[in-house]
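Notes for the one structure printed next.
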Amino acid sequence: MASTMSAQPRILSSLVASRFLHSPPSQPLHQLFRYNTGRKHVYMQLSRTFSGLTNLLFNRRNLDELPNTKRKRLRPGKVSPRRPVPDHIPKPTYVNSRKPPGIASGPEVHDEEGIECMRASGRLAAKVLEYAGTLVKPGIKTDEIDDAVHQMVIDNGAYPSPLGYGGFPKSVCTSVNECICHGIPDSRALEDGDIINIDVTVYLNGYHGDTSATFFCGDVDDWARNLVQATKECLDKAISICAPGVEFKKIGKTIHDHADKYGYGVVRQFVGHGVGRVFHADPVVLHFRNKEKGRMVLNQTFTIEPMLTIGSINPVIWDDDWTVVTEDGSLSAQFEHTIVITENGAEILTQC
């Protein structure tokens with residue numbers, strides 16, 4: 001990652017957030033996202049005052065139905081206690097630290113043994129995600145999905161990577177409707193017509209496998225279905241252009257060009273990332289058109305995880321310091337895979 005990025009507004013990786021940095025509440029939202037090259041952290045500068053203000057302005061509107069739809073704005077539910085992990089399961093070093101580790105310096109490039117480990121963690125993540133998707137139906141609580149994911153991960157001798165990452169309280173992210181990412185599983189029951197992104201990461205034998213998909217709950221309207229389909233297509237097209245020597249900026253152009261065909265917005269504040277022995281590493285993978293430098297190298301692993309919206313691409317964060325929703329309450333969808341760069345292109349590691 002080029003050090004010149006430190007001078008530009010940047011970006012959260014898909015589970016990187018800071019709850020301990022302060023900025024004036026009058027600071028524009030786009031300026032709250034910064035890359036700190038000295039600490040190699042990508043973080044969100046967001047004060048408690050600003051976070052509380054967004055709740056006042058936006059969460060209060062959750063009581064009202066959105067225009068032209070019967071869907072109501074998402075509201076936080078009750079979060080159950082953190083689920084335990086058996087002592088014999090190896091845990092990432094960040095567990096029990098409330099400070100987000102941020103983006104580790106240097107790419108994740110592996111030898112043959114490391115790639116096999118990545119394949120194993122990727123396969124498990126894919127199987128867990130597939131199972132979680134079968135649970136999606138009207139009436140199920142997102143906390144019940146978290147419970148099922150948690151149990152399946154530890155039953156396979158792995159650790160659920162989100163649990164304890166920078167204080168994140170659950171084992172999976174469940175982002176419903178207008179939630180862009182980082183939704184905390186809670187007591188809210190899914191409703192007929194909802195869409196939900198389930199983001200699974202597992203830590204197995206010292207390697208992380210990271211994947212997500214957006215699922216339909218019951219009878220979903222065409223607006224939502226088309227958004228979800230286009231987002232999946234964006235991911236597929238982006239993966240198809242990956243190969244040794246390809247510039248990372250081509251990922252953003254590919255995604256942005258396809259989203260433009262349908263008039264969808266591309267969220268800019270959240271990015272893909274290197275993944276492997278650490279949860280988040282170089283490179284920062286931008287999903288929109290950009291001029292960043294950097295090329296893919298053989299045996300490198302990273303995620304691509306585009307987030308598209310029907311309306312506003314501006315994010316608003318709740319008081320829990322994790323849940324990120326669209327400013328106008330419009331729907332958002334996301335898909336994610338972990339890939340490895342091969343001689344002939346890219347291999348999807350998180351595919352059943």
Side-chain angles (χ1 to χ4, degrees), residues 12 14-20 44 46-48 50-56 58-63 71-86 91-92 94-101 128-129 131-133 135-154 159-191 194-203 212 214-215 217 270 279 315-326 329 332 334:
L12 282 180
S14 185
L15 245 183
V16 179
S18 172
R19 303 162 22 173
F20 313 103
M44 173 186 283
L46 187 64
S47 70
R48 257 303 184 194
F50 187 88
S51 183
L53 177 62
T54 60
N55 273 273
L56 176 64
F58 294 98
N59 289 353
R60 185 174 59 187
R61 300 180 194 171
N62 288 339
L63 298 172
R71 179 173 61 86
K72 294 182 179 180
R73 282 184 181 263
L74 195 64
R75 301 180 66 190
K78 183 178 179 180
V79 178
S80 64
R82 177 170 168 169
R83 294 184 167 90
V85 177
K91 301 171 179 61
Y94 57 75
V95 173
N96 298 323
S97 171
R98 296 187 64 85
K99 185 176 181 180
V128 172
L129 178 62
Y131 172 63
L135 303 177
V136 174
K137 60 184 178 180
I140 192 170
K141 299 174 182 177
T142 52
D143 188 60
E144 293 176 291
I145 296 175
D146 179 79
D147 187 25
V149 165
H150 181 88
Q151 195 61 50
M152 184 174 179
V153 172
I154 64 175
Y159 184 88
S161 302
L163 186 64
Y165 184 92
F168 192 80
K170 290 296 176 181
S171 298
V172 69
C173 295
T174 52
S175 301
V176 179
N177 294 335
E178 69 263 35
C179 185
I180 296 171
C181 58
H182 303 170
I184 298 175
D186 61 21
S187 61
R188 181 192 183 274
L190 294 182
E191 299 177 2
D194 284 346
I195 61 173
I196 176 174
N197 176 269
I198 301 176
D199 192 337
V200 172
T201 312
V202 302
Y203 182 69
S212 83
T214 300
F215 299 93
C217 181
F270 301 89
F279 197 166
V316 172
I317 190 167
W318 284 1
D319 266 345
D320 60 26
D321 293 318
W322 285 104
T323 306
V324 180
V325 298
T326 56
S332 179
Q334 177 189 12

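The basis for the numbers below is simple: all heavy atoms, side chains too, and nothing from hydrogens, waters or symmetry mates.
Not counting sequence neighbours, the partners of T142 by the side-chain hydrogen bond (donor to acceptor under 3.5 Å, both in side chains) test are D186. With sequence neighbours excluded, the residues satisfying side-chain hydrogen bond (donor to acceptor under 3.5 Å, both in side chains) with D147 are R83. Every residue meeting the ring pair (Phe, Tyr, Trp, His ring centres under 6.0 Å) condition with Y94, not counting sequence neighbours, appears here in chain and number order: Y165. Evaluation of the side-chain hydrogen bond (donor to acceptor under 3.5 Å, both in side chains) rule for S332 yields no partner, not counting sequence neighbours. Listed by chain and residue number, N197 satisfy the side-chain hydrogen bond (donor to acceptor under 3.5 Å, both in side chains) test with S212 (two or more places apart in sequence, or in another chain). In this structure P84 satisfies the side-chain contact (heavy atoms from CB on, under 4.5 Å) test with no other residue, sequence neighbours excluded.
A donor-acceptor pair is defined here as one N or O able to donate and one able to accept, closer than 3.5 Å; such a pair exists between the side chain of E144 and the backbone of K141.
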>> Applying side-chain contact (heavy atoms from CB on, under 4.5 Å) to T201 and F279, what does each step give before you reach the verdict?
In response: CA-CA 9 Å; T201 312; F279 197 166; 3.5 Å; yes
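Two residues are said to be in side-chain contact when any heavy atoms from C-beta on lie closer than 4.5 Å; C173 and I198 fail this criterion. When side chains are defined from C-beta on, P162 does not count as touching S171, because their heavy atoms never get closer than 4.5 Å. Residues V325 and N177 have side chains not in contact (no heavy-atom distance under 4.5 Å, counting atoms from C-beta outward). Looking only at side-chain heavy atoms (C-beta outward), S175 and I196 stay at 4.5 Å or farther from each other. A 4.5 Å side-chain heavy-atom check between T326 and V316 finds every atom pair outside the cut-off.
Summarising the geometry of P92 relative to Y159, their closest heavy-atom pair is CD-CD2, 3.5 Å, with the distance given to 0.1 Å. The two atoms that bring P160 and I154 nearest to each other are CD-CG2, 4.3 Å, heavy atoms only.
Between H182 and F270, the ring centre distance stays below 6.0 Å.
With respect to E191 and K72, no salt bridge is recorded, no charged nitrogen being found less than 4.0 Å from a carboxylate O. Between K170 and D143 there is a salt bridge, with a side-chain nitrogen of the basic residue lying less than 4.0 Å from a carboxylate oxygen of the acidic one.
At most 12 non-hydrogen atoms from other residues, nucleotides or ligands lie less than 6.0 angstrom from NZ of K137.
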